[in-house]
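None of these values were measured; they are calculated from a predicted model.
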Amino acid sequence: MATTEIKASSSPAALSWARVCKECGQQHEGQDTHLYEYQDEVDDELVCHICLQPLIRPMDTPCGHTYCFHCLSNFLKEKDFCPVDRLRLQLHQCRPSSLLVRNLLDKLNVMCPHYAECQQQMQRCELQPHLHNRCPVFRRLREEAEKRKRPSWHELKGRKNDGESSGDDKHSAALSRNPSRDPSEPGLINPAYEEMEDDNTPQRSSLVAEANVVELFREEPEEDLGLRIVGGRDTPLGNIVIQEIIRDSITSRDGRLAPGDHILEVNDVSLASVPHARAITVLQQPALLRLTVMQEKGFKIRDQRAPSILNMGKVLHVMLTKTHRTEPLGIKLIRKSEESGVFILDLLPGGLAAKDGKLKNNDKVLAINGHDLMHGTPESAAQIIQVSEKCVNFAVMRPAETQEEGGGSREGQHSRGTRRAPEPQYYRRQSTYLKDPSGGFFCQEKTVSLKKEPRTSLGITIAGGRDCRSRLPVYITSVQPVGCLHRDGTIKKGDVLLSINGVDLTQLTYNEAVSVLKTQTAQSQVILRVIQTISENSEEDTEGGNGDELDFMEDQRDDAHTWTPLWTQWLGLPSHMHWCRDIVLQKTNNESWGFSIVGGYEESHGQQQPFFIKTIVPGTPAHFDGRLKCGDEIVAVNGVTTVGMNNSSLIPMLKLQKNKVTLTVVSWPGSLV
């Protein structure tokens, strides 16, 4: 049996939030393995043969030995054999240990590293939630660090350049942690951070951003992380930015990443100046990924007495006080298929929440006890509630149609429970909004004329359609080797369908496109027109998925393994094929809109780039509204086209909109990794 030494934890005064590990709570170098203080002897079978400590993220070798992932990966950087039997070995040959072994390791009893003050013991898998939710020392270190890095509002105001548009979007606190980001980045404007002069007591005191390290572990090499990303050196965004987190994915279950986070490094490989496709390749590495991310923490709220009135509803703050720590709140939480986040389904009769009367069915939970749940899950919300003390603080958003105002009509009250937000209205991009594709991207049209047997299949699968989520055009997801199009060789995966035998396919839904293809391919001659989008960095492009080659008549839109194009493919699509929608944001006078923009006309290069959403700030109207996404293109503001506009013209336009602005946007889904 292996024995593990219990070390005396560092005194709180000697601890540093910057150096303390956010997973194990100990102070160790970033590349070192985590440190735990085990209570009992550990079986030798559960001990790593390199570090001689209980295994952390155990990996099995083909020769039958087991090591910590960090220990083995560091060893194999210099050697090419197994440390025990010296047989040839490479990391990609190793696989995560069985679930049984991982569960045994998770159940090992450890002490909190701050046991002298905390006095808590728990299973190893429970240590991280304990640190972030219950440990008083850990909480104090975090609060002290946040106080030190938050300058006053007037200090922030003094740092701004009067009327300049190229200020840094993360302020000096972020830049000190991310020297690779140029503070004079051309074309970057930040309407999110403009202070309104109408109120001498601004509601927000400071903007906080910080660099953090997040480790994600793939148990299966081909498993998706569940991230959609945008940006890259070959796009106006520059940085790699998380656009969306897929529900029930590795990233979603981990809970530490959020839309809008900028990925700076992956396993010590910088993503600061790599093309989009190269970033996809780096993020598809198997096993452990160590991400260095810049995370926007939003503004510190000074006065919560006047909640923001948003076009999506009203933000309310509700505190429930339990008589004892384990008393249930009597709330049923759910997720919705059409919108991310956590919603209140029902309040149990006689429960604490029902008696309080302030929370309502269909309220969206934005945060609990300060934990952001804008893109969270019911499971993570339940965990926060379970570990909370007697007071549980909710921030919820109530849709405008469900607010209970005095004097409401009987008809209005009857419809509150069932009324849903209207479907967003999409429309073809207007002629005044037309532009050339983004710099570095272009497209070419291809026409194929085939004579074939009437029953011979084209051999393609398709996806998209004007009824899909982002109003994508119909595109080809695979070309099967048995079909006649494969033999011709002109049509490729990712090509966008324009027409078949003169029948327009660009405005059809998925089912309509399938029906037209079935009808037209029954003929002996087929003329197919497609558009192929091309990047100047196409030699570095990689395919963003693993497509099953099925017949095109089968609906694959819900198949998690269907091939999907990279985000950059859509940037080369001609703008007359874009579909827009209007997003109306509302705010109070002393609020900011909550987003930053990059792009516009660059005189130095004589080049017109579209305006893209680069950052969405937590706790602002754009964040609470939830419809704007990083990577969205802004084509008009209040009906005025942004085509041909430079950033010095767009800044005043946004500043003039005191309480309401209408943004016309085109939104493409980010690349899935």
How long is the straight-line distance from [atom2] of [Y] back to [atom1] of [X], given to the nearest 0.5 Å?
{"X": "Leu291", "Y": "Ile240", "atom1": "CG", "atom2": "CD1", "value": "12.0 Å"}
{"X": "Gln525", "Y": "Asn501", "atom1": "CD", "atom2": "CG", "value": "7.5 Å"}
{"X": "Cys630", "Y": "Glu244", "atom1": "SG", "atom2": "CD", "value": "11.5 Å"}
{"X": "Asp467", "Y": "Asn511", "atom1": "CG", "atom2": "CG", "value": "6.5 Å"}
{"X": "Leu654", "Y": "Ile597", "atom1": "CG", "atom2": "CD1", "value": "5.0 Å"}
{"X": "Leu528", "Y": "Ile476", "atom1": "CG", "atom2": "CD1", "value": "6.5 Å"}

Do side-chain atoms of [X] reach the backbone of [Y] as a donor and acceptor pair under 3.5 angstrom?
{"X": "Asp224", "Y": "Gly226", "value": "no"}
{"X": "Thr533", "Y": "Gln569", "value": "yes"}
{"X": "Asn267", "Y": "Arg290", "value": "yes"}
{"X": "Arg102", "Y": "Ser97", "value": "yes"}
{"X": "Arg256", "Y": "Glu215", "value": "yes"}
{"X": "Arg233", "Y": "Val274", "value": "no"}
{"X": "Gln243", "Y": "Gly670", "value": "yes"}
{"X": "Ser649", "Y": "Met645", "value": "no"}
{"X": "Ser596", "Y": "Thr615", "value": "yes"}
{"X": "Lys493", "Y": "Ser478", "value": "no"}

Exercise. Does the side chain to side chain contact (heavy atoms under 4.5 Å, CB included) test come out yes or no for Thr235 and Val230, once each step is laid out?
Worked result: CA-CA 9 Å; Thr235 75; Val230 297; over 6 Å; no
On a heavy-atom basis, which atom in [X] and which in [Y] lie closest, and how many Å separate them?
{"X": "Val635", "Y": "Val665", "answer": "CG2-N, 4.4 Å"}
{"X": "Leu628", "Y": "Ala622", "answer": "CD1-CB, 4.3 Å"}
{"X": "Ala636", "Y": "Gly639", "answer": "CB-C, 4.2 Å"}
{"X": "Gln90", "Y": "Gln93", "answer": "N-OE1, 2.8 Å"}
{"X": "Ala258", "Y": "Asp261", "answer": "N-OD2, 2.9 Å"}
{"X": "Thr506", "Y": "Leu497", "answer": "CG2-O, 4.1 Å"}

Check whether any side-chain heavy atom of [X] sits under 4.5 Å from a side-chain heavy atom of [Y], and report yes or no.
{"X": "Leu498", "Y": "Met577", "answer": "yes"}
{"X": "Leu585", "Y": "Ile583", "answer": "yes"}
{"X": "Ile527", "Y": "Val448", "answer": "no"}
{"X": "Val241", "Y": "Ile263", "answer": "no"}
{"X": "Asp80", "Y": "Leu89", "answer": "no"}
{"X": "Val530", "Y": "Ile491", "answer": "yes"}
{"X": "Val584", "Y": "Val661", "answer": "no"}
{"X": "His262", "Y": "Val293", "answer": "no"}

Can you spot which of [options] makes a side-chain contact (heavy atoms from CB on, under 4.5 Å) with [X]?
{"X": "Leu225", "options": "Thr251, Ile245, Ile246, Leu672", "result": "Thr251"}
{"X": "Thr477", "options": "Thr461, Ile460, Thr564", "result": "Thr461"}
{"X": "Phe217", "options": "Ile250, Leu289, Leu288", "result": "Leu288"}

Problem set entry | side chain to side chain contact (heavy atoms under 4.5 Å, CB included) between Ile242 and Arg228, worked out | CA-CA 6 Å; Ile242 297 175; Arg228 287 196 180 273; over 6 Å; no
Does [X] pair with [Y] as a salt bridge, N-O distance under 4.0 Å?
{"X": "Glu379", "Y": "Arg335", "value": "yes"}
{"X": "Lys446", "Y": "Asp495", "value": "yes"}
{"X": "Glu445", "Y": "Arg529", "value": "yes"}
{"X": "Glu512", "Y": "Arg466", "value": "no"}

For this session: Indicate, with yes or no, if the rings of Trp668 and His578 have centres closer together than 6.0 Å.
Result: yes
For this session: Kindly state whether the ring of Trp570 and the ring of Tyr475 have centres lying under 6.0 angstrom apart.
Result: yes
For this session: Look at the rings of His276 and Trp567 and say which category their plane angle falls in: under 30° parallel, 30 to 60° tilted, over 60° perpendicular.
Result: tilted
If we count only N and O atoms by modelled type, under 3.5 Å, do the side chains of [X] and [Y] hold a donor and an acceptor together?
{"X": "Ser249", "Y": "Ser252", "answer": "no"}
{"X": "Asp582", "Y": "Thr664", "answer": "yes"}
{"X": "Asp632", "Y": "Ser667", "answer": "yes"}

Exercise. Going through the checks in order, is the side chain to side chain contact (heavy atoms under 4.5 Å, CB included) test met by Trp593 and Thr620?
Worked result: CA-CA 6 Å; Trp593 291 116; Thr620 61; over 6 Å; no
For this session: Take Leu373 and Leu366, measure what side chain to side chain contact (heavy atoms under 4.5 Å, CB included) needs, and give me the verdict at the end.
Result: CA-CA 5 Å; Leu373 290 169; Leu366 304 177; over 6 Å; no
